[in-house]
Amino acid sequence: MSESVSRFPVVDLEDLPEDLRERVGEIARKSGFVPNIFRALGHRPAELRAFLDYHDALMDRADGLSKAERELVVVATSGANHCTYCVVAHGAILRVRAKDPQLADRVASNPWQVELDERGRAIVDLALALAQDSALFGEADIDAAREAGLTDDEIWDVGAITALFAMSNRLAHLTALRPNAEFYLLGRLPRES
């Protein structure tokens, strides 16, 4: 039985405007497939551009959190928000970036109790505090992150990534977005030398 990618229209790579076709095409060349989020958002090109711009500004920065730590935030908060698409897609990226085939599954299934080093625990705790009940978020959460050694710039990264993926999680729920089958196997088996 074939399942649809989204309950709303999706587009193929060749149907995107030229600038987006180039941007998403580069992602597809690197991964070997077009992630369904781009097909789903592609029917509203201005929104896809805005999403990609903010995503890249947060997730591709050279300083602050490491790339694996950024994905740790996404997987922890997406797990807490019950977002299958983001858990599967970013879980694959976390497995690859952390070089750990189990970490993403452990974080996604119970981010509150997964065993992490002190820095990782502080990152996840800060992200969850903001993701779960943001009205209660405050100085105590910031102080705990600083005490664990996070800089203000890194704290901002955690908060901004949490916020962007709260939006992404809600869009995935709205659209009933299905993960690409390719994501499920990425980073699960050690790469051969």
Side-chain angles (χ1 to χ4, degrees), residues 1-10 27 31 33-44 47-48 50-52 54-56 58-59 65 67-98 100-116 120-138 141 144-145 155-188:
M1 180 171 105
S2 174
E3 296 178 341
S4 65
V5 169
S6 169
R7 65 170 52 108
F8 292 92
V10 296
I27 295 165
S31 66
F33 60 95
V34 177
N36 287 338
I37 185 70
F38 305 132
R39 296 184 61 220
L41 290 179
H43 84 281
R44 296 179 75 150
E47 292 174 38
L48 177 55
F51 177 83
L52 285 168
Y54 197 42
H55 174 279
D56 293 353
L58 292 175
M59 301 302 284
L65 300 177
K67 289 190 181 247
E69 289 170 336
R70 292 170 197 280
E71 295 298 336
L72 181 65
V73 172
V74 178
V75 174
T77 58
S78 296
N81 291 330
H82 310 289
C83 180
T84 302
Y85 183 87
C86 292
V87 164
V88 172
H90 289 274
I93 299 167
L94 177 57
R95 286 190 298 273
V96 169
R97 293 204 167 143
D100 184 335
Q102 298 176 11
L103 179 62
D105 293 334
R106 293 192 331 260
V107 170
S109 63
N110 191 341
W112 297 273
Q113 293 184 2
V114 63
E115 292 180 23
L116 300 165
R121 180 79 264 154
I123 289 168
V124 168
D125 287 349
L126 181 66
L128 292 172
L130 186 58
Q132 290 293 224
D133 199 346
S134 61
L136 299 178
F137 186 87
D141 300 298
I155 290 168
W156 183 279
D157 284 346
V158 171
I161 293 165
T162 297
L164 174 65
F165 281 91
M167 180 201 71
S168 185
N169 295 162
R170 272 48 174 200
L171 282 172
H173 289 144
L174 171 71
T175 60
L177 190 61
R178 298 212 182 270
N180 302 68
E182 294 90 342
F183 280 128
Y184 288 95
L185 297 179
L186 284 176
R188 294 224 183 255

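The structure displayed is predicted, hence computed values, not measured ones. Just so it is clear, the values below take in all heavy atoms, side chains as well, and ignore hydrogens, waters and symmetry mates.
Here the closest non-hydrogen pair linking Tyr184 and Arg95 is O-NH2, 3.6 Å. Residues Ser6 and Val10 share a closest heavy-atom pair of CB-CG1, 3.8 Å. Residue Pro179 comes nearest to Val88 through the heavy atom pair CB-CG1, 3.6 Å, listed as atom of the first residue, atom of the second, then distance. Considering all non-hydrogen atoms of both residues, Ala145 and Leu126 come closest at CB-CD2, 4.0 Å. Considering all non-hydrogen atoms of both residues, Pro111 and Arg121 come closest at O-NH2, 2.5 Å. Closest approach of Asn36 and Asn180 over heavy atoms only: N-OD1, 2.8 Å.
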Given Ile37 and Leu177, is the side-chain contact (heavy atoms from CB on, under 4.5 Å) satisfied, shown in steps?
-> CA-CA 7 Å; Ile37 185 70; Leu177 190 61; 3.6 Å; yes
Mind running side-chain contact (heavy atoms from CB on, under 4.5 Å) on Leu103 and Glu71 for me, showing each step along the way?
-> CA-CA 11 Å; Leu103 179 62; Glu71 295 298 336; over 6 Å; no
Step by step, would you call Tyr85 with Ser168 a side-chain contact (heavy atoms from CB on, under 4.5 Å)?
-> CA-CA 9 Å; Tyr85 183 87; Ser168 185; 6.0 Å; no
Please report the C-alpha distance between Asp141 and Leu130 in whole Å, then the side-chain angles of each, then the deciding distance to 0.1 Å, and finally whether the side-chain contact (heavy atoms from CB on, under 4.5 Å) criterion is met.
-> CA-CA 9 Å; Asp141 300 298; Leu130 186 58; over 6 Å; no
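Note that the CG atom of Leu52 and the CD atom of Glu47 stand 12.0 Å from one another [nearest 0.5 Å]. From Asp157, atom CG reaches atom OG1 of Thr162 across 10.0 Å, with rounding to the nearest 0.5 Å. Rounding to the nearest 0.5 Å gives a distance of 13.0 Å between CG of Leu72 and CZ of Arg97. Here the straight-line distance linking atom CG of Asp100 with atom CZ of Arg188 works out to 11.0 Å at 0.5 Å rounding. In this structure, Arg39 CZ and Thr175 OG1 are separated by 12.0 Å, a value rounded to the nearest 0.5 Å. Between the CG atom of Leu186 and the CZ atom of Phe33 there is a distance of 5.5 Å, given to the nearest 0.5 Å.
The number of heavy-atom neighbours closer than 6.0 Å to CH2 of Trp156, taken from other residues, nucleotides and ligands shown, is 12 or below. No more than 12 heavy atoms of other residues, nucleotides or ligands lie within 6.0 Å of CZ in Arg44, so this atom counts as exposed by the packing criterion.
The aromatic rings of Phe8 and His43 lie parallel to each other, with less than 30° between the two planes, well short of the 60° mark.
His82 places no side-chain N or O within donor-acceptor distance of the main-chain N or O of His173, the cut-off being under 3.5 Å. Ser134 contributes no side-chain N or O that, together with a main-chain N or O of Ala131, makes up a donor-acceptor pair within less than 3.5 Å. Under a 3.5 Å cut-off, the side chain of Arg70 and the backbone N or O of Leu58 do form a donor-acceptor pair.
In this structure, Tyr54 and Met59 have side chains that are not in contact, with every pair of non-hydrogen atoms separated by 4.5 Å or more.
With sequence neighbours left out, the side-chain contact (heavy atoms from CB on, under 4.5 Å) criterion links Glu115 to no other residue.
A side chain to side chain contact (heavy atoms under 4.5 Å, CB included) with Val73 is found for one member of Val158, Leu128, Leu94 and no other, namely Val158.
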